[in-house]
Amino acid sequence: MPESNLAERSDRSEEQVSGAKVIAQALKTQNVEYMFGVVGIPVTEIAVAAQELGIRYIGMRNEQAACYAASAVGYLTGRPLIVIGGSSERSQETMGAFQEFPQVEACRLYSKFSARPSSIEAIPTVIEKAVRSSIYGRPGACYVDIPADFVTLQMNVNSIKYKECCMPPPVSMAETSAVCMAASVIRNARQPLLIIGKGAAYAHAEESIRKLVEQCKLPFLPTPMGKGVVPDNHPNCVSAARSRALQSADVIVLFGARLNWILHFGLPPRYQPDVKFIQVDICAEELGNNVRPAVTLLGDINAVTKQLLEQFDKTPWQYPPESKWWNTLREKMKDNEAASKELASKKSLPMNYYTVFYHVQEQLPRDCFVVSEGANTMDIGRTVLQNYLPRHRLDAGTFGTMGVGLGFAIAAALVAKDRNPGKRVICVEGDSAFGFSGMEVETICRYNLPIILLIVNNNGIYQGFDTDSWKEMLKCEDATTGAPPICLLPDSHYEQIMAAFGGKGYFVQTPEELQKSLRQTLEDTTKPSLINIMIEPQATRKAQVNIAKQKEGKASTPSLAPSRGLCKHF
Ligand SMILES: Cc1ncc(C[n+]2csc(CCOP(=O)(O)OP(=O)(O)O)c2C)c(N)n1
Ligand SMILES: [Mg+2]
């Protein structure tokens with residue numbers, strides 16, 4: 001071997017690498033593209049090393065929002081979240097080190113895998129396992145704990161062996177006999193219904209599910225984040241008759257949708273007591289929750305739907321489009337749509353939710369991402385704002401966690417910028433929901449993400465007071481004792497938060513102002529904007545004719561009667 005090569009080799013063998021660089025390289029090897037976080041001792045170096053390797057680093061204002069953003073990137077790209085936490089130095093463990101905490105144990109409850117590598121050499125193996133665990137089976141977050149001393153420790157380059165990127169998740173299929181049985185239950189249904197969940201969106205099952213809907217002419221309902229797997233304006237979408245469809249169906253096929261509170265647990269009185277559920281899910285533990293299903297199909301939702309389609313290809317069948325069931329659903333939809341339209345057309349000021357969403361829907365680009373959180377804002381917005389594409393709606397979902405909106409919007413804007421340039425992100429926030437992560441407006445402006453934030457402002461959580469009632473209340477009582485806990489300060493100018501960081505802010509009170517500001521924000525693709533939309537503080541959902549709720553004596557939202565909370569003499 002020539003001498004120069006030998007010299008080069010010995011040089012290289014002495015080359016040192018920091019723990020931070022090993023972490024960054026291990027992440028890069030697993031094809032991690034984005035990193036979100038808030039830096040500080042000891043993790044700053046990890047972010048710097050990641051950037052040097054071309055991983056995009058997005059500095060957020062709060063770790064919660066950073067996690068929400070990373071989880072949304074995972075949902076949009078199929079590469080779920082791994083969380084890396086800096087922890088105290090190993091040599092100071094149990095001594096009361098700076099921020100000492102049993103992080104690995106604490107995270108076990110919230111993640112599929114939680115571990116601290118035993119050495120720097122072990123980092124690539126642990127990171128590969130974390131990434132693999134996060135995407136195999138039902139996806140979920142994983143945690144890797146990095147002690148502070150690992151970050152700066154120097155190692156010989158040759159002592160580190162990187163693990164190849166893990167293989168994509170294997171595709172599992174359902175048992176053939178179960179598929180045949182499911183097809184037979186569907187064929188014999190009198191009032192069938194498909195429910196398309198977030199799992200179907202995540203599994204990219206849009207093509208096969210749409211084929212099943214169209215080939216068998218079946219009515220379907222999306223769950224909140226299942227919206228768009230088959231477009232909301234598809235003639236077989238019965239969202240506008242949701243309660244009726246759930247209440248009367250005799251066979252329901254669930255595609256990646258859990259029978260949790262969003263679907264009223266699959267139980268009477270919201271469902272027929274003898275309804276037959278067919279559950280299609282990637283997670284075995286989900287099957288049989290709350291109900292005894294007629295058939296369970298365990299596997300990848302796209303693959304299993306294709307298995308079902310094979311059955312209907314072999315022996316073609318379609319549900320009669322002129323059946324009594326279809327007529328009932330169509331009539332109910334017509335009634336409900338008319339009621340919403342009537343509310344939307346109300347000219348009185350302040351506006352109500354329906355008027356606002358009607359005007360937003362009119363201008364919404366068909367391919368935009370819709371992010372939403374809030375109570376009434378999210379629930380009503382979901383019924384009016386349409387999704388035409390899968391994985392284009394992100395909302396507070398199963399946990400109903402307020403605070404996710406801005407992180408989700410940032411994630412969608414980044415993914416859009418990299419993979420679908422020109423797509424817009426509309427983030428529809430209740431005024432309370434916005435408050436949870438409002439400072440991320442600075443993040444949005446720093447990275448100049450042209451997100452359109454809409455704050456539907458009713459001065460409160462579900463409802464609020466108008467300025468006069470608020471002032472009246474303060475005349476005779478201190479706010480801490482007199483103000484209803486659901487009230488926020490009336491007429492807050494949230495648009496000024498956007499203006500403070502260089503974005504464009506609008507304060508709107510009328511449909512005309514709303515239309516104009518929407519037009520302007522949609523035209524301007526160069527910067528973020530925020531439209532603060534004032535609505536009637538006491539506005540609520542349209543009354544739902546819901547036998548079940550009436551029976552239980554429940555109201556859909558707490559009503560803030562004017563007498564309640566105002567001073568006793570008022
Ligand atoms: C993390 C978290 N904290 C508190 C709540 C309770 N909560 C439910 S909805 C909501 C806010 C609703 O108000 P807003 O966002 O203004 O929407 P609105 O109903 O007024 O349109 C809150 C605080 C929650 N869901 N999540
Ligand atoms: Mg509100």
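Atoms within each ligand, like the ligands themselves, are counted from 1 in listed order.
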Enumerated ligand 1 atoms positioned under 4.0 Å from heavy atoms of Phe436: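 So the atoms of ligand 1 that pass are 1 (C), 2 (C), 3 (N), 4 (C), 23 (C).
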Contacting atoms of ligand 1, where contact means under 4.0 angstrom from a heavy atom of Ala375: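 Ligand 1 atoms under the 4.0 Å threshold to Ala375: 9 (S), 12 (C), 17 (O), 18 (P), 19 (O).
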Proximity winner for atom 15 (O) of ligand 1, if only heavy atoms of Ala396, Ala433, Pro485, Gly405 are counted: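 Among Ala396, Ala433, Pro485, Gly405, the closest heavy atom to atom 15 (O) of ligand 1 belongs to Ala433.
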From Met402, Gln64, Glu373, Met378 - option closest to atom 22 (C) of ligand 1 by heavy atom: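 Looking at heavy atoms only, Met402 sits closest to atom 22 (C) of ligand 1.
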Identify, for [atom], the protein heavy atom at the shortest distance, and state residue, atom and that distance.
atom: atom 23 (C) of ligand 1; answer: Ser432 OG, 3.8 Å
atom: atom 19 (O) of ligand 1; answer: Asn376 N, 2.8 Å
atom: atom 21 (O) of ligand 1; answer: Thr377 OG1, 2.6 Å
atom: atom 18 (P) of ligand 1; answer: Tyr353 OH, 3.6 Å
atom: atom 25 (N) of ligand 1; answer: Gly400 O, 2.8 Å
atom: atom 8 (C) of ligand 1; answer: Tyr462 OH, 4.0 Å
atom: atom 16 (O) of ligand 1; answer: Asp431 OD1, 2.6 Å

Geometric class of the Tyr494/Phe434 ring pair [parallel <30°, tilted 30-60°, perpendicular >60°]: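 Geometry flag for Tyr494 against Phe434: perpendicular rings.
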Phe408 and Tyr68 aromatic ring geometry - parallel, tilted or perpendicular at 30°/60° bounds: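 Correct class here is perpendicular.
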Charged tip of Lys346 within 45° of Tyr354 ring normal and under 6.0 Å: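 Relative to the ring axis of Tyr354, which defines the angle, Lys346 lies outside at least one limit.
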Under-4.0 Å heavy-atom contact between protein and atom 12 (C) of ligand 1: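 Flag for atom 12 (C) of ligand 1 set to true, protein heavy atom closer than 4.0 Å.
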Candidate list Ile82, Thr77, Leu76, test side chain to side chain contact (heavy atoms under 4.5 Å, CB included), partner Arg79, passing option: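 Testing Arg79 for a side chain to side chain contact (heavy atoms under 4.5 Å, CB included) against Ile82, Thr77, Leu76 leaves exactly one candidate, Thr77.
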The single option from Asn459, Thr510, Asn458, Val508 passing side chain to side chain contact (heavy atoms under 4.5 Å, CB included) against Met534: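 Filter result, single survivor: Asn459.
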Over 12 foreign heavy atoms within 6.0 Å of CD, Glu342: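 Open: at most 12 neighbouring heavy atoms sit under 6.0 Å from CD of Glu342.
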Region of Phe434 engaging ligand 1 - heavy atom pairs below 4.0 Å: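 Within the 4.0 Å criterion, Phe434 makes no contact with ligand 1.
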Asn458 contact mode with ligand 1 (heavy-atom cut-off under 4.0 Å):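 The answer is the side chain of Asn458.
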Contact check, side chains of Ile451 and Val371, non-hydrogen atoms, under 4.5 Å: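 A side-chain contact under 4.5 Å is absent here.
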Side-chain H-bond candidate by donor/acceptor type, Asp466 with Ser469, under 3.5 Å: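 A donor-acceptor contact under 3.5 Å links the two side chains.
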With the Mg ion (ligand 2) as the apex, the O/OD1 angle for Gly460 and Asn458 - to 10°: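 The angle at the Mg ion (ligand 2) comes to 90°, rounded to the nearest 10°.
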Asp431 atom (N/O/S) at minimal separation from the Mg ion (ligand 2):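 Answer by atom name: OD1.
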Validation row, ring centre Phe255 to ring centre Phe220 under 6.0 Å: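 Not under 6.0 Å, so no.
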Sub-4.0 Å heavy-atom contact, Phe399 with ligand 1: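 No, Phe399 has no heavy atom closer than 4.0 Å to ligand 1.
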Salt-bridge present (Asp395, Arg382; N to O < 4.0 Å):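 Result for this pair is yes, salt bridge flagged.
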N-O pairing of Glu337 and Lys334 below 4.0 Å: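 So Glu337 does not pair with Lys334 through a salt bridge.
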